[in-house]
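Structure record follows, encoded as structure tokens.
To find a chain, count down the sequence lines: A is the first, B the second, and so on, and within it residues start at 1.
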Amino acid sequence: MSEPSDRELVRQFQGGDEQAFIVLVQRYQDRVYRLACVRLYAYDDARDAAQEVFLRAYRGLPRFRFQAEPFTWFYRTLINVCNEYNRRRVRDRELKQAVENDPVASNEEYVPQEESGLHRVRACVQDLPERQREVVMLRVFEDMSVEETARVLGCRPGTVKAHLHKAMARLKELAAETAITGGMGSAE
Amino acid sequence: MPNDDEIELPEGIKSLAAEYRSKQAPAYFSERVMANAREAGRSKPFLRYASAGMAVAAILVAVVMTPVLQRHSGEPVLMATNPPEPANMAAASLPELPVPGPSKAPGDLSEPLEQTAVLAMADDWLESGSEADVPVLADFDDAVSLIDIPDPLG
């Protein structure tokens, strides 16, 4: 028997089936967590942000009107939550700097050793323009199809391909300049 | 199978992507999400009941206080025990407006002079913000009698 689609799960959840929501969380928790890790500097923040996305989904999905795919909703919520966390982090740093007159701590202190792969992904995409970065993260790193990526980003497949073409040219340059698997980790 | 969707990745990025996809959410992530969601959901019915309770209380206060306030102002208390006939209801519920002094020219749609003056006085009271200065008026005629209406004919 095939697995229920996201839309079916949301409908079941709207009908009061909490188990359907758990299935949705389990289906997307890794993806949402990884994307949060790349967008945020602290992995504790990434875990909390990913959790916040699903908590908002728990509250918001009962009113979901199926004008987009459920993952599109998760993804847009994730971007908003990560932006909120990053703004808060900048504010906290400015406050800390003002109070203690300490130099800004390096991002390195927030990165546990076992997460260095995610750290290198961030180093790899951080210089790309926002839209290209989103396309690379979904299409290349999350291995989503061009159509899926276009649906999530709310654009045409052709636009995704154009962004990807430009981004890949830049990534190939980077790969040629430095051995990404080794040298990019310290690029941040 | 060759696919239009396929992209050619540099070797470094290909291995990095594979390493990236191997990362998983922390253990017990979904359990923690559900525990927090249920926790948040439990407080929601309480808020819903609390707001419903406040609405009921507001209605009760309005029902109890309206006759008291009407009695205080000297107006007859209108209760639903003896409602007016539907045909007379409009006439019974509307106060009689005084006939304006000077006759208006045909096609003059401006408000009666007294009514305009009453509204202007009400605006003054509202702007002054002091309820103590506002006289309690028994009816519309009393209100009109308080106002010095200029003679429109000079």
Side-chain angles (χ1 to χ4, degrees), chain A residues 18 21-34 36-38 43 46-47 50-59 114-118 120-121 123-124 136-137 139-148 157 161 164-165 168 171-176 178-184, chain B residues 1-66 69 80 126 129:
Chain A
E18 202 172 76
F21 182 75
I22 296 174
V23 173
L24 265 179
V25 174
Q26 288 170 343
R27 186 174 286 179
Y28 288 115
Q29 62 183 16
D30 293 339
R31 180 178 281 177
V32 168
Y33 172 69
R34 286 192 297 257
C37 284
V38 173
Y43 293 103
R47 186 197 56 213
Q51 196 173 130
E52 178 65 25
V53 169
F54 290 111
L55 288 177
R56 289 187 188 185
Y58 188 86
R59 290 193 297 265
E114 67 273 14
E115 302 285 11
S116 58
L118 297 175
R120 278 184 282 127
V121 172
C124 182
V136 167
M137 285 312 303
R139 176 71 189 95
V140 176
F141 289 101
E142 287 296 340
D143 202 23
M144 292 168 69
S145 70
V146 169
E147 282 72 22
E148 279 178 303
K161 287 178 184 173
L164 194 60
H165 180 74
M168 290 314 297
L171 289 180
K172 279 173 186 167
E173 278 175 25
L174 279 173
T178 56
I180 288 177
T181 49
M184 292 293 288
Chain B
M1 198 172 83
N3 184 348
D4 184 42
D5 228 22
E6 278 181 8
I7 44 173
E8 196 184 321
L9 293 173
E11 193 50 46
I13 291 177
K14 205 184 282 183
S15 60
L16 191 57
E19 189 182 346
Y20 167 86
R21 284 196 287 272
S22 70
K23 299 294 177 193
Q24 294 181 334
Y28 305 112
F29 181 86
S30 60
E31 286 85 348
R32 231 172 288 155
V33 167
M34 291 314 297
N36 287 333
R38 289 187 190 112
E39 180 89 9
R42 262 198 293 277
S43 62
K44 211 175 171 185
F46 168 76
L47 289 175
R48 209 180 298 135
Y49 294 140
S51 57
M54 285 173 69
V56 169
I59 291 167
L60 284 174
V61 167
V63 166
V64 170
M65 290 303 288
T66 303
L69 289 172
L126 287 172

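In this structure, the portions of F141(A) lying under 4.5 Å from any heavy atom of chain B include both its backbone and its side chain. Looking at E142(A), the atoms closer than 4.5 Å to chain B (heavy atoms on both sides) sit in the backbone and in the side chain alike. Neither the backbone nor the side chain of V32(A) comes within less than 4.5 Å of any heavy atom in chain B.
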Side-chain donor-acceptor pairs under 3.5 Å in residues 21-28 of chain A, sequence neighbours left out?
residue : atom : partner : partner atom : Å
R27(A)  : NH1  : P4(A)   : O            : 3.1
R27(A)  : NH1  : D6(A)   : OD1          : 2.6
R27(A)  : NH2  : P4(A)   : O            : 2.8
Y28(A)  : OH   : D6(A)   : OD1          : 3.4
Y28(A)  : OH   : D6(A)   : OD2          : 2.3

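Note: R34(A) leads R34(A), K172(A), E18(A), E52(A) in heavy-atom pairs under 4.5 Å with chain B. Counting heavy-atom pairs under 4.5 Å between each of A46(A), A36(A), A50(A) and chain B puts A50(A) at the top.
Considering every non-hydrogen atom in both K14(B) and L9(B), the closest pair reads CE-O, 3.9 Å.
Interatomic distance, CE of M137(A) versus CZ of R31(A), reported as 10.5 Å (0.5 Å rounding). With rounding to the nearest 0.5 angstrom, the OH atom of Y33(A) is 7.5 Å from the OH atom of Y43(A).
For E31(B), the side-chain contact (heavy atoms from CB on, under 4.5 Å) partners are Y28(B), not counting sequence neighbours.
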